[in-house]
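Quick notes on the structure that follows.
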Amino acid sequence: MIETREVNFAYRRGEPVINDIDCKIENGEFVALLGHNGSGKTTLSRLFMALMHPRSGEVYVDGENIAKKEPADLADRVGYVFQNPDLQILADTVWDEVAYGPRNKKLSEEKVREQVEEALAATGLTDFADVYPRILSFGQKRRLGVAVALALKPRILILDEITNGQDSLEKEQMMNYLRAINEEQGITIVLITHDMNIARLYARRVIVLHNGNLVFDDVPEELFNGTKDLTEWGLQQPTMAALAANFELTAVNAADFCAQLTLKAGDK
Amino acid sequence: MKVTAFTQLITVLAVTALVFILPVQVVSFILVLELVLLLYIKHDRMTMAAIGALTVFTGMMILLQLLFQSTLEVAMLGGLRMLVMTMAFLCLLAATRIQDIAQALVERFHMPCEYAFMLTTALRFVPDFLTDSTATLDAQSCRGYSNRGNVFKRLYSYLVVIKPLVMRAVAKSDTLALSMELKGFGANTYKNMKKQELGLGDYLVLTIVAILSTYKFWIKYL
């Protein structure tokens with residue numbers, strides 16, 4: 001569980017980036033954190049992981065104030081996947097890269113092997129275990145970033161724009177996997193994204209930030225009803241939601257749209 | 001009163017040579033002058049951190065010299081000279097745009113523009129390198145590695161991130177080289193920039209530098 005209480009943050013000598021944010025993310029939730037560039041999404045997520053500490057206010061992880069914690073203290077509870085996968089690669093093989101975290105936690109080699117194998121299988125990287133990680137494609141590097149976080153078996157996973165640079169199939173696979181671990185293992189997912197469609201299809205709760213303020217916190221159906229004007233927050237309705245709304249439908253994809261439209265035409 | 005990058009470069013070069021011939025009192029005075037100048041130009045956190053880092057580095061230099069059987073006086077003088085030289089470069093970087101330094105090197109010192117570009121690019125990469133190192137240390141920390149503890153543990157944590165940083169720097173330089181070729185690098189000789197004419201300030205500073213550089217001559221014959 002993550003909770004923020006009146007959290008404020010500003011970079012050195014800069015304008016405030018986060019203003020009085022109060023929010024609570026319960027265990028097992030699948031939350032999408034949305035907002036335009038510079039709205040404070042990444043900053044807020046970094047506060048969750050103690051990568052930075054607020055100027056005022058408190059951040060709690062599992063009921064514990066993390067003001068005096070550093071990321072290493074939270075690593076086995078909160079996993080963080082960074083925007084840029086290149087900066088995370090420290091080892092010479094994919095296997096060692098994923099094993100780096102569990103080894104830091106001084107787990108037995110047997111346990112390390114078990115957790116690494118599980119994380120690699122989950123992200124479809126088992127066949128790449130001996131590969132030099134820098135030669136992986138961008139999408140594979142992103143999956144490696146997720147595997148690295150999963151290897152520590154966190155209860156909360158924060159993913160910063162992980163679908164960027166992935167093709168649609170890779171995106172779908174990754175999101176289905178995240179949905180599976182969320183539903184089956186109860187891992188809390190906090191997904192920072194610009195992709196409205198992904199937020200609409202996969203998240204069960206959407207938080208919107210605008211200029212450092214929390215402006216929306218509800219279920220995606222409320223936000224993506226196709227008619228709500230999101231431009232004032234620098235966002236847009238997903239194309240399918242807008243199209244479906246024109247026909248007074250609630251379709252989430254093209255097949256769904258066709259089916260609903262046919263049904264409606266049949267009724268008439 | 002402004003001085004051009006050319007004059008600043010000459011002054012810095014002169015200071016690096018002068019620290020070896022001027023008496024220790026004058027060298028100390030130059031250090032104070034540099035500090036005042038630097039804090040006048042920029043007094044942000046980064047500048048303070050840079051001054052702090054240079055002071056620590058000087059302390060280490062002095063300790064090293066003492067370890068190798070040098071006397072305290074010689075070690076202190078060596079440290080002072082090093083500090084004055086590096087501080088002069090810090091003043092240059094704080095006061096001048098990198099493009100102006102490149103232009104001065106090409107126009108006044110007749111350095112081939114490829115070399116001038118190499119020099120200025122190396123300087124430009126430093127902040128990028130620092131940002132990348134912070135990001136890599138963060139990634140390391142998120143994987144359970146705590147760099148809290150003694151100096152050796154902290155040093156080790158930096159050693160772990162050196163390799164990814166170097167790999168990234170190589171990749172970046174490859175991309176930069178390619179994009180430079182695509183933009184027709186080589187055609188630009190920095191001569192399309194506005195020429196930096198020497199003004200009153202330049203002549204004044206250059207005169208002082210000339211007098212100080214020939215200080216022994218004046219002492220002997222006047």
Side-chain angles (χ1 to χ4, degrees), chain A residues 11-13 42 45-46 48-52 68-92 96-107 112 115 119 132-135 144-145 147-154 156-160, chain B residues 39 41-53 94 125-179:
Chain A
Y11 289 98
R12 248 178 259 142
R13 288 185 168 202
T42 299
S45 71
R46 288 173 76 87
F48 293 161
M49 186 66 201
L51 282 160
M52 298 181 307
K68 294 211 163 61
K69 299 276 177 196
E70 63 170 73
D73 302 325
L74 302 173
D76 48 3
R77 280 184 279 169
V78 188
Y80 194 100
V81 183
F82 288 84
Q83 237 178 74
N84 186 344
D86 281 321
L87 288 172
Q88 298 179 67
I89 296 171
L90 303 166
D92 289 335
D96 286 336
E97 185 64 22
V98 181
Y100 184 86
R103 281 179 182 149
N104 274 334
K105 286 284 159 194
K106 310 244 179 322
L107 299 179
V112 170
Q115 291 191 193
Y132 183 54
R134 289 192 183 274
I135 62 165
L144 175 61
V148 160
L150 282 175
L152 277 162
K153 299 235 167 218
I156 302 163
L157 196 54
I158 302 169
L159 306 118
D160 195 354
Chain B
L39 292 175
I41 302 166
K42 242 182 190 177
H43 45 271
D44 57 0
R45 224 179 118 107
M46 284 287 279
T47 315
M48 303 308 280
I51 294 172
F125 263 109
V126 174
D128 284 2
F129 205 69
L130 287 175
T131 313
D132 285 358
S133 71
T134 312
T136 310
L137 281 169
D138 280 350
Q140 194 190 27
S141 188
C142 285
R143 285 198 249 166
Y145 188 87
S146 167
N147 58 4
R148 268 190 303 218
N150 58 37
V151 180
F152 296 106
K153 199 177 174 200
R154 284 183 184 197
L155 270 177
Y156 176 73
S157 71
Y158 274 101
L159 284 178
V160 176
V161 302
I162 284 175
K163 202 164 88 181
L165 283 180
V166 170
M167 297 305 295
R168 188 159 161 80
V170 170
K172 254 188 191 173
S173 61
D174 255 2
T175 315
L176 182 68
L178 195 65
S179 70

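Naming convention: chains lettered A, B, ... in sequence-line order (proteins, then strands); numbering from 1 in each chain. Given the structure is predicted, the values throughout are model-derived calculations rather than measurements.
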Nearest heavy-atom approach of Gly144(B) to Ala75(A) is N-CB, 3.4 Å
Shortest non-hydrogen pair, Arg168(B) vs Asn84(A), comes out as NH2-ND2, 3.4 Å
Looking only at heavy atoms, the pair that brings Ala139(B) and Phe82(A) closest together is CA-CE1, 3.6 Å
Is a side-chain N or O of Asp138(B) found less than 3.5 angstrom from the main chain of Leu51(A), in a donor-acceptor match?
-> no
When the 4.5 angstrom heavy-atom criterion is applied to Arg103(A) and chain B, the contacting part is neither
So CG of Leu90(A) and CD1 of Ile162(B): to nearest 0.5 Å the spacing works out to 12.5 Å
Task: Contact check, side chains of Arg134(A) and Pro164(B), non-hydrogen atoms, under 4.5 Å - done: yes
In this structure, CG of Asn104(A) is separated from CZ of Arg143(B) (nearest 0.5 Å) by 8.5 Å
Chain B shares the most heavy-atom pairs under 4.5 Å, among Leu74(A), Asp73(A), Asp76(A), with Asp73(A)
(message) Evaluate Ile89(A) against Met167(B) for side chain to side chain contact (heavy atoms under 4.5 Å, CB included), listing each step before the verdict.
(response) CA-CA 10 Å; Ile89(A) 296 171; Met167(B) 297 305 295; over 6 Å; no
Cut-off 4.5 Å, heavy atoms of chain B, and the answer for Gln83(A) is neither
